[in-house]
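Presented below is the structure to which this report refers.
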Amino acid sequence: MHAEAAVVGVNYGMVGDNLPPPTAVVNLLKSKNVDKVRLFSPDSNALNALRGSGIGVVLGVPNSDVQTMGNDPSFARNWVNTNVVAFSNVQFRYISVGNEINIPTAAESDFILPAMNNIRDALRAAGRTTQVSTTTFMGLVVDSFPPSRGRFSDGAENIMRSIVRFLVDNRTPLLVNIYPYFAYSRNPQEIGLDYALFTANRVVATDSGNGLQYSNLFDAMTDAVYAAMDRVGGSSIDIVITESGWPSGQNGNIATITNAKTYVTNLISHVSGTNGTPRRPGRSIETYIFALFNENQKDGLPTEQHFGLYYPDMRPIYPGRNGNNLPSPTEVVELLRSRNVDRVRLFSPDTDALDALRGSGIQVVHGVPNPDVRRIGNDPEFARNWVNNNVLAFNDVQFRYISVGNEIEIPSAAESNAILPAMKNLNDALRAAGKTIAVSTTIKFSLVEDSSPPSSGRFSDGSESIMRSIVEFLLANGSPLLVNIYPYFSYNDNQQQIPLDFALFTADRVVVTDNGLQYRNLFDAMTDAAYAAIEKVGGSNVDIVVAESGWPSGENGNIATIPNAQTYVNKLISHVTGTSGTPKKPGKSIETYIFALFDENMKDDPPTERHFGLYFPDMTEIYPLKGNQSLIKGNMSGNVGVNYGRQGNNLPSPAAVINLIRSRNISRIRLFSPDSDVLNALRGTGIGVVLNVPNPDIQRIGTDPDFAGDWIWKNVLSYSDVQYRYISVGNEIDIPHSPVSNLILPGIKNLHNALRAAGNNTPVSTTIATSPVVDAFPPSNGRFSDGSRDIMRSIVEFLVANRSPLLVNVYPYFAYSLNQQQIQLDYANFTANRVVVTDSNNGLQYRNLFDALTDATYSAIEKVGGWGVDIVITESGWPSAENGNIATIQNASTYINNLIWHVSGTSGTPKRPGKSIETYIFALFNENIKPGARDEQHFGLYYPDMGEVYPVTFR
């Protein structure tokens, strides 16, 4: 968990006998960027630990003190002096008088308001302006469905009216505990789980009183409280959610780690945004997650002890991506695809990641978190639910293996004896559902003892019996054993005995000889030691999949360095993708998963654990990956491709061109029309292709579905080993003047239908210039011209319905060359170091013309209903000659290199920030017979002899 947008805090409960000291807790909060915490009562150790931390504190007055505090102003003054004034360098955010006092039956009910008054007066007398409120709960709100009917109960109404009047007078929020979990668990017949977990992708409830629509229960409950407040005069005050959470255990298949993680993750995302609730939209919602730790002495139902984000030893309860600055799952999957990575390992189910993987073709090793292993092993029904929720619900994700646990410490871990039963229960659940996904477990290499020489390898005495049973299962089901193999750790722990070159694959000699088998690298020796151990428990036919291997790039002196990490990972890729195998198991490649994709700044282990990534969180490489790249491909951003134009009489052959593209690690290309020689050269390359329907073909394709079907068969389906990214119907058609303008959409639909009939999901779109967009300054005024608007509206409706992007050619060069009096060169070529344009309508600031042109097109798309449509930039470039001092090699080099840098990052545009921009550079070659102005022949990155026109630095 990490706090987002400074609105999310946590509840620090202390009802446990095994919790870490407050200083460790505050360090944990700071490491996770959590800047708000709630204390249920004053605790001097916790308050001392919070001194100078900058963490905002909600401090609770215990219910037991409320009556005395309401009766005795001097008690209130002493309380404030002792618990607030004495901690002058603690940032108190609110003082809450009581927590969930059950008005009117609780003895404290009539003393809440007097206590609030006395605390406020004591604070003001001490020169403090800390706000005073109370924390209430949904139990006081009745008639909460629909939300607009919400009101305080008859017994509570008068007291709440007085409290709300105090809050209005002091401009203070009401603190409220909101738990969709309790509402759902008490009424699962009426409330859908997806409605409670924020995963419903539809409107679930429409308020008959005001027409407001609800897709999650949290908003509905919050708005019911707002309605109750409005009825007692509180329409001007806000709600702060002081508690919300979901337990991870002790209530069947409702209180599970998966559900808890889903709820809390979605809650953070929801309240951190600016959607607000339907009744109070347009704002974030200050929220405190309950709770920081599992608390083993909490009273009540057993679930009460399982609301924590962390175990008392500060391990996260929801394992997963350990970074607070990582890109979104959608961006990650796009990165994987751009690098031609076709397999990925997830350590636990993550709905966002799994949704992003739908239809990607990427195969997934899916992990069962260690805390779920015992439950899955003991309860076949829980195993079936796990499979239903995390496998069957994602039927368009290609699952390769299910791994039961990761590096469980056999035999000492409590989960040890549950591994095999869990594997069997999941296997049975999968088979019952008609799935043949292999089930295994992932072990750490330390279970293998006597590993030198490799043939002596065996499982430790404590683990042997369990491993024997697991291996018998694997053998019977034809499944591999997943093993994490790290030469780095072996070398780090034993530098006197292990040479660095043996660990890094760089030894040019035999280092170890074992029964005639010769070893030149430690990876093979460790893998073969694991094979030897497997054979000794009857698994001679069981394969090993290396589920983790990597080398850190920092935080361990001269061992964990970027050069060493680069050497190891590149050599590893080359080795395992070849067919040498290991000395014990030669002649085959070794399925291997590199650890890890990103540096993860919140990992809790030694500092080196945060530096195993191939990429920084902004998706730039930590070091280049070279050599055989079938596992990880490319050092050019996967969002940047090139236009392969062919209007030249001196261009190289398609085979040579594709070799050039691959040598530069360019993973995407755009073709202006089908060409069998080019498409044949692209077979099996993994290069993503944008294929254009030539403008002259549109009339036939738009009027004749059979012709469209033939076109798809001839140019797409016949090249099944070419990776088509988009089909574009036409390029820069002059709407509405072109005679085929009204046939673009019918052509798109006919091709779309032909593709779907063949089981092919390639998106179909069209490519436009920016010229149909008028009133492009400021960008928010952008709209389609009167003549093009209706046609573009229909096209955009299709794109929205089919989740396809609009392809757009964006050229700051032409805008600048036509209007040098108004547009500065630095604004056009990304070199302005200042804000050049501020959009007067929305305040967005622009430092480059590319973003302004792109956002003007986004504005035009939105005005015809395309809020969810993305733009792909199918052309952008700058000529290197034939237009005076504008079209120069220097200007072209500056523009292209800055363009690559800009679109490859995650800044996006001011209107659509936070993501990279898929872009195709125009063009690959200078084309000497292009018609039009002479500069049209000089947009290339390369001369026809494949020499660079200017150096291009790919990210």
Side-chain angles (χ1 to χ4, degrees), residues 18 248-253 255-258 294 296 302 305-306 311-313 315-319 347-349 365-387 390-391 401-432 437-450 457-484 530 532-539 542 544-545 547-548:
N18 54 356
S248 59
Q250 296 294 323
N251 188 10
N253 60 3
T256 67
I257 286 178
T258 298
N294 279 351
N296 68 344
Q305 301 181 7
H306 293 272
Y311 296 106
D313 63 2
R315 286 182 300 119
I317 289 172
Y318 325 142
F347 290 87
S348 63
V365 181
H366 200 11
V368 174
N370 293 1
D372 280 357
V373 171
R374 280 194 288 173
R375 184 72 185 281
I376 288 175
N378 290 330
D379 185 350
E381 182 62 26
F382 184 82
R384 285 191 290 273
N385 288 333
W386 195 96
V387 167
N390 302 306
V391 179
Y401 312 115
I402 307 296
S403 172
V404 175
N406 181 55
E407 294 193 347
I408 292 172
E409 292 281 359
I410 303 171
S412 58
E415 301 90 356
S416 300
N417 286 304
I419 299 171
L420 180 59
M423 291 168 66
K424 290 180 175 178
N425 285 342
L426 289 177
N427 187 66
D428 292 344
L430 288 163
R431 298 305 178 271
I437 302 164
V439 180
S440 186
T441 187
T442 301
I443 68 167
K444 63 194 305 185
F445 185 76
S446 60
L447 296 187
V448 178
E449 295 186 345
D450 298 336
R458 63 180 182 85
F459 290 117
S460 65
D461 293 340
S463 68
E464 183 180 354
S465 176
I466 292 173
M467 287 306 304
R468 184 184 301 277
S469 300
I470 289 171
V471 166
E472 288 174 356
F473 172 90
L474 299 176
L475 191 62
N477 289 278
S479 301
L481 180 66
L482 311 185
V483 186
N484 296 341
I534 294 170
E535 290 178 357
K536 289 182 173 69
V537 293
V542 172
I544 284 175
V545 167
E548 293 178 26

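Here the structure is a predicted model, which is why all the values come from computation and not from measurement.
One finds the CD atom of E381 at 10.0 Å from the CZ atom of R375 (value rounded to the nearest 0.5 Å). Expressed to the nearest 0.5 Å, how far OG of S403 lies from CG of L482 amounts to 5.0 Å. The CG atom of L420 sits 6.0 Å away from the OG atom of S469 when rounded to the nearest 0.5 Å. Put simply, CZ on R458 and CG on D450 are 4.5 Å apart, with the number rounded to the nearest 0.5 Å. With rounding to the nearest 0.5 angstrom, the CG atom of N253 is 11.0 Å from the CZ atom of R384. Here the CD-CZ distance, from E449 to F459, works out to 11.0 Å after rounding to the nearest 0.5 Å.
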Verdict with reasoning, E548 to K444, per salt bridge (charged side-chain N to carboxylate O under 4.0 Å, His left out): CA-CA 9 Å; E548 293 178 26; K444 63 194 305 185; over 6 Å; no
Residue pair M423, L474: steps toward the side-chain contact (heavy atoms from CB on, under 4.5 Å) verdict: CA-CA 10 Å; M423 291 168 66; L474 299 176; 3.8 Å; yes
I402 and V387: CA distance, side-chain angles, deciding distance, side-chain contact (heavy atoms from CB on, under 4.5 Å) verdict: CA-CA 10 Å; I402 307 296; V387 167; over 6 Å; no
W386/T256 under side-chain contact (heavy atoms from CB on, under 4.5 Å): CA gap, chis, key distance, verdict: CA-CA 10 Å; W386 195 96; T256 67; over 6 Å; no
F473 vs N427, side-chain contact (heavy atoms from CB on, under 4.5 Å): CA-CA, chis, key distance, verdict: CA-CA 10 Å; F473 172 90; N427 187 66; 3.9 Å; yes
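With salt bridges taken as basic N to acidic carboxylate O contacts below 4.0 Å, one links E464 and R468.
The heavy-atom pair separating P421 from G377 by the smallest distance is CB-O, 3.5 Å. Here the closest heavy-atom approach between residue V471 and residue G539 is recorded as CG1-CA, 3.5 Å. The nearest pair of heavy atoms linking L447 to S463 is O-OG, 3.9 Å. Of all heavy-atom pairs between G405 and N370, the closest is CA-OD1, 3.1 Å. Counting all heavy atoms, side chain and backbone alike, S479 lies closest to A438 at OG-CB, 3.6 Å. Contact between G252 and F382 at its shortest, heavy atoms only, is O-CE1, 4.5 Å.
N378 is linked by a side chain to side chain contact (heavy atoms under 4.5 Å, CB included) to R374, counting only residues two or more places apart in sequence or in another chain. N294 is linked by a side chain to side chain contact (heavy atoms under 4.5 Å, CB included) to H306, Y311, I317, counting only residues two or more places apart in sequence or in another chain.
In N417, the CG atom is not crowded: 12 or fewer heavy atoms of neighbouring residues, nucleotides or ligands sit closer than 6.0 Å. For NZ of K424, the number of neighbouring non-hydrogen atoms (other residues, nucleotides, ligands) closer than 6.0 Å is 12 at most.
Contact annotation: the side chain of L430 approaches that of V439 to within less than 4.5 Å [non-hydrogen atoms, C-beta and beyond]. Counting heavy atoms from C-beta outward, L426 and I437 have side chains that stay 4.5 Å or more apart. Side-chain contact between I419 and I410: present, with at least one pair of heavy atoms (C-beta onward) separated by less than 4.5 Å. Counting heavy atoms from C-beta outward, L481 and M467 have side chains that approach closer than 4.5 Å.
When each of I466, V368, I470, N406 is paired with T441, the side-chain contact (heavy atoms from CB on, under 4.5 Å) condition holds for I470 and for no other.
In the model, D379 has no side-chain atom that pairs as donor or acceptor with a side-chain atom of N385 under 3.5 Å.
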